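These notes are about the structure you will find just below.
Heavy atoms only: backbone and side chains are in, while hydrogens, waters and symmetry mates are out. We name chains A, B, ... by the order of the sequence lines, and we start the count at 1 in each one. Bear in mind that the values here come from a model prediction, so they are computed numbers and not experimental data.
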Amino acid sequence: MIDFESAPSSSGSGASGPPRAKPLARQWDAETVEAFLKGLNAKQREAAEATDGPLIVLAGAGSGKTKMLTSRIAYLISGKNVPAHQILAVTFTNKAAAEMRERVEKSLNIAAGSFQAPPVWHGGPWIGAPEIGTFHSVCMRLIRREMDRTGFTKPFVIYDDADQLSLIKGSFEKISLDDKAVNPKSIQGAINRLKCDAVEPQDLEPSSHNLFEKHLKRVYEQYQKDLFANNALDFGEIITLAYRILRDHEDVREKYQKRWQYLHVDEYQDTNRAQYLLLSQLAGKRTGGHQNICVVGDEDQSIYKWRGADIRNILDFEQDYPGARVVKLEQNYRSTQTIIKAASHVIANNQQRKDKTLWTDNEEGAKLVRAQLADERAEAEMVVGEIKRIASEDERAFKEFSIFYRTNAQSRQFEDVLRREKIPYQIVGGLRFYDRKEIKDVLAYLKVILNPTDSINLKRIINVPARGIGKTTLDKLETLHHSESDSLLGSSYWDVLKSVAHDTSGKTVSAGTSKKLLGFVQLIERLVVEQPKLMLSELYHLILDETGYARELRIEGTEEALARIENLEEFDNLLKEFEEDQFVSGASWSEEERAARKAALLPVFIEQSSLVSEGDKADPHASTVKLMTLHSSKGLEFPVVFLVGMEEGLFPSVRPWEETPDEDIEEERRLCYVGITRAREKLVMSHVVLRRFWGNTTYQDPSRFFAEIPDELIEFRDYSTSSRSPQFRANVARDYGFGAANAPGVPKPSGVHLDHSFSQESSSGIFGGGASVVGRKIRHPEYGRGTVIATDGSGDQQKITIDFKGSFGQRKFLLRYVASFFE
DNA sequence: TTTAGCTCAATTTTT
DNA sequence: TTGAGCTAAA
């Protein structure tokens with residue numbers, strides 16, 4: 001391993017060393033340096049120049065924080081003569097990282113791509129480039145550099161959520177835990193939450209009467225072993241492993257504290273506990289860090305609590321880093337005054353926030369619109385109608401419009417109408433390209449070729465396409481595998497598979513079956529041999545040919561199969577593009593260098609594919625209307641925004657059977673704030689009277705967030721009486737036994753429409769007589785076992801507090817909804 | 001071994 | 001309503 005502390009700061013790379021990005025040997029005169037800072041406002045400039053010591057920048061929506069960050073990095077390099085490689089900047093998305101990299105390069109006026117890590121990376125530094133990447137990519141690089149501290153040896157795979165769930169189900173079997181006793185998905189959720197909090201299995205102390213927690217600890221322990229045995233990491237583990245390396249090895253920690261002298265963290269409000277601890281290892285006082293840490297965030301845009309983001313990280317920064325400088329960026333350059341005022345009024349209802357007031361010099365702009373529609377069909381018609389109208393009246397391109405919804409399920413209505421009207425649209429987010437079945441299948445082949453120890457991907461493809469290896473055979477293999485690993489031989493699933501395939505005695509499986517297995521084993525072995533000789537796309541074609549994957553789909557011939565073939569072709573393009581990227585400007589490379597690059601194609605591609613999201617590629621310039629969830633909208637902006645489904649229960653989202661804590665409502669409110677502040681000029685918010693959910697129909701109240709916007713900023717348009725669809729009428733008639741003529745004025749059942757059988761059963765009141773339920777045990781389908789520790793309210797509104805111990809803690813429920821869960 | 005029908009569950013998803 | 005995952009029949 002190359003010691004990068006003593007590496008020369010000029011490009012004195014050894015004869016056979018890796019190619020390096022060109023060092024920034026340029027001299028910067030004061031005038032040029034000043035030019036970097038000139039475009040900033042006073043606050044932005046203050047933040048950019050406060051380079052030493054802890055700094056927190058509270059950056060409101062649209063306040064130019066990326067501009068500030070990139071100028072700051074450019075200033076560090078040019079004005080402060082900080083070697084570029086001593087600068088680290090972490091973001092959450094690849095897109096944000098790419099943008100930052102690009103903009104720093106641009107302001108330093110150096111060729112785009114100079115900051116790209118060399119594709120073939122041998123563990124040394126690339127002098128002259130700041131390290132800009134996502135938490136996950138930065139941690140992966142660290143882990144790879146320090147691989148000898150981890151026990152991992154081979155190229156590892158990164159398991160996504162689906163892979164993780166499969167592995168967890170396997171862990172259940174290994175410890176003979178019935179997946180009906182606890183739901184593997186809730187265990188998965190709990191494990192991931194624990195990882196976000198950097199809690200390891202040995203830290204858990206399950207109380208003796210809490211079954212869920214006991215199971216959790218056992219599964220978590222086994223799961224960690226299984227991950228290791230598969231040479232696999234999950235997303236949470238990438239962060240926690242990097243953290244543990246730094247925490248447990250002083251020399252490594254010191255090395256990185258020296259290496260990265262200036263830390264930058266974007267979207268700090270979304271960091272979780274593990275990420276927080278990781279940063280403390282690099283910068284913290286207690287760990288001997290330099291404390292040159294600049295975090296940028298907006299507590300009002302923290303919308304990932306449910307994924308472990310800990311809002312305290314941003315709220316408590318000043319305590320964590322005493323003497324921290326605080327700079328607020330409050331001027332918004334994006335939206336009209338009306339939009340900013342509305343957003344500020346909404347967010348002012350939150351308790352958990354810092355004192356920060358967004359303002360703008362922009363013009364007042366049009367009033368917001370609140371539109372009430374009869375049902376979701378009418379809502380979609382209205383939105384698309386408005387898009388057409390505004391597009392022609394204001395001469396706007398379709399790319400200037402966007403539709404935000406709370407849940408993905410809402411997109412369908414809009415898609416239907418957009419398609420009918422032949423308006424080009426694009427769904428941002430949604431199902432990732434890499435999550436499609438056929439892509440996961442071919443990726444699984446690639447991953448297995450790289451790392452046959454990876455049992456999850458091996459099992460995925462062992463009978464895909466169908467080659468006559470059925471459940472019975474798989475069960476036998478599984479049993480063998482378990483007993484083998486018990487005997488500490490440490491054989492992988494792949495080893496077991498090979499030995500069974502070569503066993504023609506007919507003892508374990510029939511001769512016919514072992515022949516089929518052998519066919520598969522030889523296929524993989526052939527591919528493993530061919531891999532280093534081939535370009536990635538050639539290998540891919542070989543896989544498709546040898547397995548007959550595409551052939552099968554072509555024979556199937558259904559529309560779905562054809563779509564899959566298209567995706568496989570798209571994947572081919574992607575591979576070719578990737579190859580070209582890896583070989584740009586490679587004319588002068590030696591044969592060895594070329595061979596090394598070729599061999600590295602597969603591992604580099606695999607890792608990259610595991611760490612990218614669809615959103616990274618969504619083309620903002622394509623002239624299409626963009627549809628996305630509110631979560632995906634963060635960081636984007638559009639001239640015209642439609643915020644749909646603004647109804648109680650849907651947005652803010654509420655689970656009717658459970659009391660919603662204020663914190664959750666606050667998070668929904670932040671989501672609303674994010675949505676509103678995406679709009680530059682026009683914002684239309686809509687809600688419907690009647691909405692169909694999973695087959696049944698409910699009356700919807702308008703979202704409480706409307707009430708938080710002052711009347712003078714918003715115009716109300718009621719389309720619900722004129723736009724009633726036949727479906728609407730039919731539903732009202734069916735559900736309420738009267739014609740639609742009465743409907744709009746009808747006394748609305750408040751809140752959510754209840755399922756009659758359910759509410760009747762519970763109101764008959766097994767516990768209605770006032771008998772205390774405190775101390776009773778309950779088994780909740782989602783949270784497992786718990787004990788009632790308190791009640792309040794009475795009658796229909798009686799609530800109980802249940803302590804689930806473990807990671808779910810105490811939760812409040814309406815008694816009538818959980819009455820049937822008592823043991 | 002495959003597949004047709006059944007049950008069950010169902011926010012948000014940067015990596 | 002939709003989809004995934006599982007059991008019972010071909």
Reckon [X] has a side-chain N or O less than 4.0 Å from the OP1 or OP2 of [N]?
{"X": "T473(A)", "N": "dT1(B)", "result": "yes"}
{"X": "N463(A)", "N": "dT2(B)", "result": "yes"}
{"X": "N408(A)", "N": "dT11(B)", "result": "no"}
{"X": "T472(A)", "N": "dT1(B)", "result": "yes"}
{"X": "S632(A)", "N": "dT13(B)", "result": "yes"}
{"X": "N94(A)", "N": "dT15(B)", "result": "yes"}
{"X": "T629(A)", "N": "dT13(B)", "result": "yes"}

Minimum-distance nucleotide (side-chain atoms of [X] versus [options]):
{"X": "A466(A)", "options": "dT1(B), dT14(B), dT2(B)", "value": "dT2(B)"}
{"X": "F92(A)", "options": "dT15(B), dT14(B), dT13(B)", "value": "dT14(B)"}
{"X": "W306(A)", "options": "dT14(B), dT15(B), dT13(B)", "value": "dT13(B)"}
{"X": "H136(A)", "options": "dT11(B), dT15(B), dT13(B)", "value": "dT15(B)"}
{"X": "T93(A)", "options": "dT13(B), dT15(B), dT11(B)", "value": "dT15(B)"}

When the distance from [atom1] of [X] to [atom2] of [N] is rounded to whole Å, what number comes out?
{"X": "Q188(A)", "N": "dT13(B)", "atom1": "CD", "atom2": "P", "value": "16 Å"}
{"X": "L611(A)", "N": "dT15(B)", "atom1": "CG", "atom2": "P", "value": "8 Å"}
{"X": "N183(A)", "N": "dA9(B)", "atom1": "CG", "atom2": "P", "value": "8 Å"}
{"X": "F404(A)", "N": "dT13(B)", "atom1": "CZ", "atom2": "P", "value": "13 Å"}
{"X": "R467(A)", "N": "dT2(B)", "atom1": "CZ", "atom2": "C1'", "value": "16 Å"}
{"X": "D435(A)", "N": "dT15(B)", "atom1": "CG", "atom2": "C1'", "value": "12 Å"}
{"X": "E267(A)", "N": "dT15(B)", "atom1": "CD", "atom2": "P", "value": "12 Å"}
{"X": "K185(A)", "N": "dA9(B)", "atom1": "NZ", "atom2": "C1'", "value": "8 Å"}

Verdict with supporting geometry, E376(A) and E381(A), side-chain contact (heavy atoms from CB on, under 4.5 Å)
CA-CA 9 Å; E376(A) 63 263 42; E381(A) 299 282 357; over 6 Å; no

According to ring pair (Phe, Tyr, Trp, His ring centres under 6.0 Å), who are the partners of H136(A), at least two apart in sequence or on a separate chain?
F235(A)

Sequence-distant partners of Y223(A), ring pair (Phe, Tyr, Trp, His ring centres under 6.0 Å), two or more places apart:
none

Salt bridge (charged side-chain N to carboxylate O under 4.0 Å, His left out) against [X], all qualifying residues, sequence neighbours excluded:
{"X": "E438(A)", "result": "R564(A)"}
{"X": "K437(A)", "result": "D441(A)"}
{"X": "R412(A)", "result": "none"}

Test ring-ring contact (aromatic ring centres under 6.0 Å, His included) applied to H631(A) and W306(A), F404(A), Y405(A), the passing residue
W306(A)

Mapping R412(A) and K169(A) to their closest nucleotides on DNA chain C, which lands nearer the 5' end?
R412(A)

Going 5' to 3' along DNA chain C, between which two nucleotides do contacts with chain A fall, using a heavy-atom cut-off of 4.0 Å?
dT1(C) to dT2(C)

With sugar-phosphate meaning primed atoms plus P, OP1 and OP2, does [X] contact a base, only sugar-phosphate, or nothing at under 4.0 Å between heavy atoms?
{"X": "E237(A)", "result": "nothing"}
{"X": "F693(A)", "result": "nothing"}
{"X": "T407(A)", "result": "sugar-phosphate"}

Taking the six-membered ring for Trp, are Y304(A) and F92(A) closer than 6.0 Å centroid to centroid?
no

When you look at R467(A) and E552(A), which way does the salt bridge (Lys or Arg N to Asp or Glu O under 4.0 Å) test go after all the steps?
CA-CA 12 Å; R467(A) 44 176 78 86; E552(A) 299 250 323; over 6 Å; no

Base dT15(B) paired with R307(A) side chain (donor-acceptor, <3.5 Å)
yes

5'-most contact on DNA chain B (nearest-nucleotide basis), G468(A) vs I303(A), goes to G468(A)

